Undergrad: 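Let me give you the structure first, and then I'll get to my questions.
Note that the structure is a prediction, hence the values are computed from the model and not measured. Below, chains carry the letters A, B, ... as their sequence lines are ordered, and counting in each starts from 1.
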2 protein chains.
Amino acid sequence: MPARNYGEYCGLAHALELVGERWGMLVIRELLTGPKRFTDLSRGLHRIPSNVLSARLKELEQHGVVERRILPRPSGSVVYALTDYGRELDEVLIKLAGWGARSAGEPREGDAVSVTALVLGLRGIFRPEAAGDLQATYELRIGDIVAHARVAGGELEVSEGPAADPDLTIEADTSLRRVLTGGHSDTIALTGDPALFERFAEIFRIEQVPGTAVSEEA
Amino acid sequence: MPARNYGEYCGLAHALELVGERWGMLVIRELLTGPKRFTDLSRGLHRIPSNVLSARLKELEQHGVVERRILPRPSGSVVYALTDYGRELDEVLIKLAGWGARSAGEPREGDAVSVTALVLGLRGIFRPEAAGDLQATYELRIGDIVAHARVAGGELEVSEGPAADPDLTIEADTSLRRVLTGGHSDTIALTGDPALFERFAEIFRIEQVPGTAVSEEA
DNA sequence: CTGGATCCCTCACGATACTG
DNA sequence: CAGTATCGTGAGGGATCCAG
């Protein structure tokens, strides 16, 4: 029982039938950083009902985007992973995340921020032309989530978890975004070479879309 | 009243709140080729209920993705157009369309194919590395829809409608896709330089994803 | 004829509870 | 831990109707 169908012979329509259902792309976002168990996915997408997660995983599996794997003994537990085909969505989701970040504004009451959101976000707003030949490793800590980014040769690599040997550790809350849009924050703690923070703010600068700052009601 | 919200502070989640509702991205697909009237949109997305189209347009407008314009006298009619911000989705939708095309298979009974779907599809599966320094203009006719593609300097430009001076006109049905995946069709009529068709099939080659040919039931 | 608004029905989603 | 079962609600689907 595949997704409802748009009645169009169109690559985009077909793509949306595969991954365009509600929560679909967010499940894929979680899996972009590696295989995850059902419970991990539940935690990463803390508002997703378990039956919806279950349904999405089944559909995505049927559509060849996600694979269900059973880990070798003794754990024997189940993990979900992207297929090669599913992993090809990486670039699309990064660009979409970058696009969305430009109009996101401040977090709303009760918004959660997950590691994978942070990882995808950084990749989405990365500006290679601003990185130049900088070579540095950043560790980011927002609340209790941790990720690290290595910039080198105009390329970026971001992963979950702490860095082995960071040049700069940035401990912040979501007001970090304000800095990236050209604003200011004084709740950010730096450990390491503080000069690297200015580079960070250039490399991950967000061009806020006008008129989309916070509220959306007319 | 914005779209339902995911409760996550994440660029991707926010993007999906803006354009991720059902039909949302397809409406944007229609507008990528220029401003359209309500009725044109209805025709391009022939299965969309008018109330849903109406709702999407309102939301997209509220979110700063689409603009509602009233044409100057004497027509005085209403058109919808992408904002600058909305137009930035171009690249994302092209990539997503290309991704979807790889697993699309043959059209189902009753599937429509619209001009904008063809335009986006061609752009999505374009392979610059296969174009080399070829310089050529193709005109495509599938059923009663017409588009043209100009390839030059490794770049591609596709538009609706006939070409002014095509080097090759390809008149086909949806079996054209079979050729692009390495198969064969004998319902394609060529007018112009037939040698250019081989180049066409390379430049727009589709790497079919295994196991996704036609059916999806296990 | 365009540009929608309205009504009703159905099913996907969302919340919660429960099981192997 | 890894999901399934149940059930209420509201968004989507389809048809029709109405104003400019």
Undergrad: Within residues 37-51 of chain B, which residues have any heavy atom lying less than 4.0 Å from an atom of DNA chain C?
TA: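 DNA chain C contact set from residues 37-51 of chain B: B/Arg37, B/Phe38, B/Thr39, B/Ser50, B/Asn51.
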Undergrad: Side chains of A/Arg43 and A/Ser114: do they bring a donor and an acceptor to under 3.5 Å?
TA: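 No, no side-chain donor-acceptor contact under 3.5 Å.
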Undergrad: Regarding A/Arg205 and the six-membered ring of A/Phe126, is the cationic atom NZ or CZ under 6.0 Å from the ring centre and inside 45° of its axis?
TA: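 Negative - A/Arg205 is either too far from the ring of A/Phe126 or too far off its axis.
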Undergrad: Give me each pair satisfying ring-ring contact (aromatic ring centres under 6.0 Å, His included) with a member in residues 165-184 of chain B, each pair once, sequence neighbours excluded.
TA: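 Non-adjacent pairs meeting ring-ring contact (aromatic ring centres under 6.0 Å, His included): zero.
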Undergrad: For C/dA5, does either OP1 or OP2 sit under 4.0 Å from a side-chain N or O belonging to B/Lys58?
TA: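 Indeed, a polar side-chain atom of B/Lys58 lies that close.
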Undergrad: Taking the side chain of A/Ser54 as its heavy atoms from C-beta onward, which of C/dA5, C/dG4, D/dT4 lies nearest to it?
TA: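 So the nucleotide nearest the side chain must be D/dT4.
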Undergrad: Between C/dA5, D/dA2, C/dG14, which one does the side chain of A/Val52 approach most closely?
TA: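 My answer, after comparing the listed nucleotides, is C/dG14.
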Undergrad: Among C/dA5, C/dC13, D/dA11, which nucleotide has an atom closest to any side-chain atom of A/Glu21?
TA: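 Closest nucleotide among those given: C/dC13.
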Undergrad: Without decimals, in angstroms, what is the distance between A/Arg68 CZ and D/dC1 C1'?
TA: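 In whole Å, D/dC1 C1' lies 12 Å from A/Arg68 CZ.
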Undergrad: Among the candidates D/dG12, C/dC13, D/dA2, find the nucleotide nearest to the side-chain atoms of A/Ser77.
TA: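 Nucleotide nearest to A/Ser77's side chain: D/dA2.
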Undergrad: Would you please name every residue forming a side-chain contact (heavy atoms from CB on, under 4.5 Å) with A/Ser42, sequence neighbours left out?
TA: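 Counting only residues at least two positions away or on another chain, A/Ser42 forms a side-chain contact (heavy atoms from CB on, under 4.5 Å) with A/Phe38, A/Leu53.
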Undergrad: Under a 3.5 Å threshold, yes or no: a donor from one side chain and an acceptor from the other, between B/Arg178 and B/Ser185?
TA: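 Not at all, the side chains of B/Arg178 and B/Ser185 share no donor-acceptor pair under 3.5 Å.
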Undergrad: Could you check how far CG of A/Asn5 sits from P of C/dC11, rounded to whole Å?
TA: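 Nearest whole value for this atom pair: 16 Å.
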Undergrad: Would you please confirm or rule out a distance under 4.0 Å between OP1 or OP2 of D/dA11 and any side-chain N or O of A/Arg4?
TA: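 So the side-chain polar atoms of A/Arg4 never come under 4.0 Å of the phosphate oxygens OP1 or OP2 of D/dA11.
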Undergrad: Could you tell me how far apart B/Glu17 (CD) and C/dC13 (C1') are, to the nearest whole angstrom?
TA: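 My rounded result for the distance is 16 Å.
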Undergrad: Does A/Trp23 place a side-chain N or O at less than 4.0 Å from the phosphate oxygens OP1/OP2 of C/dG14?
TA: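 So the side chain of A/Trp23 is within the cut-off, an N or O lying under 4.0 Å from OP1 or OP2 of C/dG14.
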Undergrad: Examine the side chains of B/Glu160 and B/Thr33 and answer whether a donor and an acceptor come within less than 3.5 Å of each other.
TA: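 Note: B/Glu160 and B/Thr33 side chains meet the donor-acceptor criterion.
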Undergrad: Tell me the interatomic distance from B/Arg56, atom CZ, to C/dG4, atom P, rounded to whole angstroms.
TA: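 To the nearest whole Å, that distance equals 16 Å.
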Undergrad: Can you tell me the distance, in whole Å, between the CG atom of B/Leu53 and the P atom of C/dT2?
TA: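 So the CG-P distance, B/Leu53 to C/dT2, works out to 14 Å.
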Undergrad: Rounded to whole angstrom units, what separation is found between the CG atom of B/Leu57 and the P atom of C/dA5?
TA: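 Rounded to whole Å, this separation is 10 Å.
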Undergrad: Please report, rounded to the nearest Å, how far the C1' atom of C/dT2 is from the CG atom of B/Leu71.
TA: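 Answer to the nearest Å: 12 Å.
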Undergrad: Ion pair present between A/Asp84 and A/Arg87, side-chain N to carboxylate O less than 4.0 angstrom?
TA: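 Yes, this pair counts.
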Undergrad: Picking from C/dG4, D/dG3, D/dG12, which would you name as closest to the side chain of A/Tyr80?
TA: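 Among the listed nucleotides, the one closest to the side chain of A/Tyr80 is D/dG3.
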